[in-house]
**Student:** 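This is the structure I want to talk about, given as structure tokens.
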Amino acid sequence: MTAYIRWVSALSRLAAVAALFLLASAIVVVTQMVVMRYFLNASTVWQTEYVIYALVAMTFLASPFVLMEKGHVNVDLLYLQLHGVARQVIQSLAGLIGLLFCALLAWSGWTYFEEAWSYGWTTDTVWALPLWIPLLPLPLGIGLMTLQYIAEIAKIWRGEPA
């Protein structure tokens, strides 16, 4: 299980790096859009759509890393009052609920991605971006988050600090 945890942690870090590049690219595109619109009086076509999709993709891709680093919002009133096995059980139960939710979301996201790919769907804008491109980060990011939940549950039962 140690190899699995290391492997999933490495993938989560890699996805977080990809998310950082998406954020940086969104910043560059917003800057380019401002220069085009306000200094050159030119119209912009794809920039707003790109920034929206990049930021949403960044959110999905960074979420497994945030889970690994214990950065998600927690309500820990009950958790802090428990010790030993009771704490492990409550952590595991919360992890299993998150795992189930993420697995279902990844599966439905994959189905949506696959339909967009198969039917050649595009966005309803002038840019007409193939819709599978902005949909891909959902099953990738949340699928990786599902794997990260498994690793986090394993860490709980190995006695690693929470």
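Atoms considered below: every heavy atom in the structure, side chains included; atoms not considered: hydrogens, waters and symmetry mates.
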**Student:** I'd like to check Val29 versus Trp46 (side-chain heavy atoms, cut-off strictly below 4.5 Å). Are they in contact?
**Tutor:**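 Of all side-chain heavy-atom pairs linking Trp46 with Val29, at least one is under 4.5 Å.
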**Student:** Taking atom CH2 of Trp121 as the centre, does the number of heavy atoms from other residues, nucleotides or ligands within less than 6.0 Å exceed 12?
**Tutor:**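 It does: Trp121 CH2 has more than 12 such atoms within range.
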**Student:** Would you say Pro64 and Leu147 make side-chain contact, with heavy atoms under 4.5 Å?
**Tutor:**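 They are not in contact (no side-chain heavy atoms under 4.5 Å apart), so the answer is no.
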**Student:** Side-chain contact test, heavy atoms from C-beta onward, threshold under 4.5 Å: evaluate it for Thr2 versus Arg158 and give yes or no.
**Tutor:**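 The answer is yes; the side chains approach within 4.5 Å.
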**Student:** Check whether Ser118 reaches the backbone of Glu115 with its side chain - one donor and one acceptor, N or O, closer than 3.5 Å.
**Tutor:**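 Not confirmed, Ser118 side chain does not pair with Glu115 backbone.
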**Student:** Do the non-hydrogen side-chain atoms of Leu99 and Ile150 ever get within less than 4.5 Å of each other?
**Tutor:**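 Result yes, sub-4.5 Å side-chain heavy-atom pair found.
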**Student:** Has Glu69 got a side-chain atom pairing as donor or acceptor with Leu67's backbone, closer than 3.5 angstrom?
**Tutor:**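 Checked: no pair found.
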**Student:** Check whether any side-chain heavy atom of Leu131 lies under 4.5 Å from a side-chain heavy atom of Tyr112, and answer yes or no.
**Tutor:**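 SC-SC contact between Leu131 and Tyr112 confirmed.
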**Student:** Can you tell me how far apart CD (Glu152) and NZ (Lys70) are? Round to the nearest 0.5 Å.
**Tutor:**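 That separation rounds to 3.5 Å.
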**Student:** Verify whether one side chain among Tyr53 and Thr123 offers a donor that lies under 3.5 Å from an acceptor in the other.
**Tutor:**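 No.
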**Student:** Enter the distance from Leu11:CG to Leu140:CG here, rounded to the nearest 0.5 Å.
**Tutor:**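 Between Leu11 CG and Leu140 CG, I get 10.5 Å after rounding to 0.5 Å.
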**Student:** Taking ILVMFWY side chains as joined if any heavy atoms are under 4.5 angstrom apart, and letting links pass through other members, which residues group with Phe21?
**Tutor:**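 Once heavy-atom contacts under 4.5 Å are chained together, Phe21 belongs with Val17.
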**Student:** With sequence neighbours left out, what residues match Gln88 under side-chain hydrogen bond (donor to acceptor under 3.5 Å, both in side chains)?
**Tutor:**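 Here no residue qualifies.
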**Student:** As an exercise, state the distance from OH of Tyr149 to SG of Cys102, rounded to the nearest 0.5 Å.
**Tutor:**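 So the gap between those two atoms works out to 5.0 Å.
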